[in-house]
Amino acid sequence: MTFREELKTLTQLREAQRGKWDNIDPESAARMRVQNRFRTGLDIARYTAAIMREDMAAYDADTANYTQSLGCWHGFIGQQKLISIKKHFGNTKRRYLYLSGWMVAALRSEFGPLPDQSMHEKTSVASLIEELYTFLRQADTWELNHLFRAREEAKQAGDSAKVDDLTNQIDNHETHIVPIIADIDAGFGNAEATYLLAKKMIEAGACCIQLENQVSDEKQCGHQDGKVTVPHEDFIAKINAVRYAFLELGVDDGVIVARTDSLGAGLTQKIAVTNEPGDLGDQYNSFLDGDEISSASDIDNGDVVIKQNGKLVKVKRLASGLYQFKPGTGEDRVVLDCITSLQNGADLLWIETEKPHVGQIAGMVNRIREAVPNAKLVYNNSPSFNWTLNFRQQVFDAWEAEGKDVSAYERADLMNARYDDTELGQLADEWTRNFQRDAAREAGIFHHLITLPTYHTAALSTDNLAKGYFGDEGMLAYVAGVQRREIREGIATVRHQDMAGSNIGDDHKEFFHGDAALKAGGKDNTMNQFG
């Protein structure tokens with residue numbers, strides 16, 4: 001409800017108490033209600049699921065309507081990202097948050113920094129979702145609090161036109177709450193474990209859960225070696241588990257992203273169950289590497305034999321007990337994974353690739369769309385790619401194919417700074433700038449995300465400050481490199497007490513204590529130096 005509607009409701013409620021609530025100011029109570037629009041994580045999940053569904057339909061109508069997000073490892077980082085988006089662009093339309101399992105493992109585990117192998121506490125994923133939304137809700141409260149303070153000042157000054165204008169701004173306030181695409185890894189166990197964790201994540205506010213087809217207890221980062229996939233029936237069971245969790249909690253339009261690591265995964269833990277030639281299990285097994293045999297004498301102790309394409313094949317099993325796929329089958333397995341996932345309840349796809357190449361991604365998506373015409377991707381614009389080198393090499397290869405003279409460039413050394421201002425370097429930067437637009441248009445990418453950007457920005461900014469502060473610059477390193485820039489660029493955190501809720505607390509003290517309130521924001525508050 002709007003502030004005006006809440007005020008009317010609470011005024012009537014106080015009057016019904018016949019004097020017992022005379023100390024309660026309906027305007028203050030209405031203000032607190034408006035500043036706390038979302039009461040539970042499920043309220044958030046339902047609200048943001050509808051946003052994602054609208055955005056998916058908008059993308060289907062026009063690929064220019066692709067969406068974006070950045071991975072955030074702390075609630076404050078997510079909050080500041082959304083405050084910045086609203087400041088620079090005026091709204092949060094088609095801009096989300098991403099919750100990376102990699103960053104949870106590296107930064108949020110009680111074990112300390114861990115590799116991306118699902119060894120961190122699985123409840124820390126849901127905890128981070130809750131933390132992110134706590135900070136986003138606080139951003140709403142903080143922004144609205146400033147509007148209410150300005151409204152009160154206008155009211156005391158007798159400026160009714162300004163009061164009406166600020167009331168309209170309050171009633172039409174755009175929330176900082178946006179969808180989170182949340183990484184559940186491979187589900188942290190069997191389908192039941194996946195269901196239980198999905199419920200926790202949804203209850204914390206997640207409207208979109210990303211699930212990958214790796215083996216839970218062998219899970220690896222998508223950009224590392226040693227990945228092991230599961231048969232489709234196992235993955236479908238986990239997709240079902242997530243859908244049941246959404247439905248149980250009343251988030252009927254919750255979104256599931258099915259991620260396949262098959263492009264870089266050469267191993268499987270299981271031979272799929274198959275009942276007849278050509279069924280899903282038989283298709284999965286057709287990719288297994290092995291040697292054709294003609295008689296029982298070709299079978300040694302411990303060998304596993306399957307029927308593959310009408311022939312008996314002794315499949316290759318490693319010392320680890322894992323089975324090996326045929327070389328060069330990755331793309332075919334990706335296409336089958338994606339079609340199968342979409343036909344069995346997934347809404348979006350994630351194809352983990354080894355490089356950011358529009359043509360490669362489009363080649364797979366076009367094949368998928370032969371079976372599922374509206375297939376679309378969530379794509380990892382990963383910091384694991386050397387973007388500069390990749391795009392310079394793509395330009396080099398394109399020029400070479402066109403017959404253009406590339407003798408001035410050494411392909412293996414294109415990362416070198418001496419190429420920064422060259423024609424090749426500048427064109428590569430232009431291709432990088434346009435990558436998201438081009439891939440959305442040509443390769444079916446609905447959502448572009450960077451998984452780990454704030455991990456890197458935190459390290460880089462800390463390095464810059466440490467270099468100057470502990471060096472010759474001393475205090476100037478902070479003043480010139482941080483605070484002066486905050487002031488001049490309008491970064492709200494320069495008034496850090498306000499950002500952390502000091503003014504909100506002062507206003508609450510006045511609500512609760514009246515004229516006896518002891519406030520922190522008086523004339524001796526040093527934050528007043530910042531206006």
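The backbone N or O of Asn416 lies less than 3.5 Å from no partner atom in the side chain of Asp413, so there is not a single donor-acceptor pair. Looking only at distances, a side-chain donor or acceptor of Ser461 sits under 3.5 Å from a matching main-chain atom of Ala458. Judged by distance alone, the side chain of Tyr133 and the main-chain N or O of Ile180 form a donor-acceptor pair under 3.5 Å. Proximity of a side-chain donor or acceptor of Trp387 to a complementary backbone N or O of Ser382 within less than 3.5 Å is detected. No donor-acceptor distance shorter than 3.5 angstrom exists from the side chain of Thr268 to the backbone of Tyr323, with no hydrogens or angles considered. Judged by distance alone, with hydrogens and angles left aside, the side-chain atoms of Arg333 form no donor-acceptor pair with the main-chain N or O of Gly266 at under 3.5 Å. Remark: the backbone N or O of Ala375 is paired with a side-chain donor or acceptor of Arg369 at under 3.5 angstrom. With hydrogens and angles ignored, the 3.5 Å screen pairs a side-chain donor or acceptor of Asp43 with a backbone N or O of Thr40. Using a distance-only test at 3.5 Å, with no hydrogens or angles considered, no donor-acceptor pair links the side chain of Arg259 to the main chain of Ile351.
Salt bridge annotation for Lys270-Asp234: present, with a cationic side-chain nitrogen under 4.0 angstrom from a carboxylate oxygen. A salt bridge links Asp60 and Lys376; the closest N-O separation between the charged side-chain nitrogens and carboxylate oxygens is under 4.0 Å. Salt bridge present: Asp438 and Arg441 bring a charged side-chain N and a carboxylate O closer than 4.0 Å. Between Arg367 and Glu331 there is a salt bridge, since at least one side-chain N of the basic residue sits less than 4.0 Å from a carboxylate O of the acidic one. Taking 4.0 Å as the cut-off between side-chain N and carboxylate O, Lys316 and Asp289 count as a salt-bridged pair. Between Asp397 and Arg411 there is a salt bridge, with a side-chain nitrogen of the basic residue lying less than 4.0 Å from a carboxylate oxygen of the acidic one. The residues Arg392 and Asp420 are annotated as salt-bridged, a charged nitrogen and a carboxylate oxygen being separated by less than 4.0 angstrom. Using a 4.0 Å cut-off between a side-chain N of Lys or Arg and a carboxylate O of Asp or Glu, Lys200 and Glu130 do not qualify as a salt bridge. Ionic pairing of Glu248 and Lys199 is present here: one or more N-O contacts between side-chain nitrogen and carboxylate oxygen are shorter than 4.0 angstrom. Of the charged side-chain nitrogens involved, none lies within less than 4.0 Å of a carboxylate oxygen, so that Lys314 and Asp291 do not count as a salt-bridged pair.
Between Tyr98 and His447, the distance separating the two ring centers is not shorter than 6.0 angstrom. Here Phe435 and His448 bring their ring centres to under 6.0 angstrom of each other. For Tyr419 and Tyr409, the distance between ring centers is under 6.0 angstrom. Remark: aromatic rings of Tyr284 and Phe325 are close, center separation under 6.0 Å.
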| query | Are Thr260 and Glu352 close enough, and set up right, to give a side chain to side chain donor-acceptor pair (under 3.5 Å), and what steps lead you there? | reply | CA-CA 6 Å; Thr260 174; Glu352 197 68 69; over 6 Å; no
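Cation-pi geometry between Arg437 and Tyr66 is not met: the NZ or CZ atom fails to fall both under 6.0 Å from the ring centre and inside 45° of the normal. Taking the centre and axis of the six-membered ring of Phe38, the NZ or CZ atom of Arg46 falls outside the cone set by 45° and 6.0 Å.
Between Asp261 and Gln214, the side chains place a donor N or O and an acceptor N or O closer than 3.5 Å (distance only, hydrogens not considered).
The residue from Asn213, Asp337, Asn344 that alone fulfils the side-chain hydrogen bond (donor to acceptor under 3.5 Å, both in side chains) condition with His232 is Asp337.
Scanning both residues, Leu136 and Gly78, for their nearest heavy atoms gives CD2-O, 3.7 Å.
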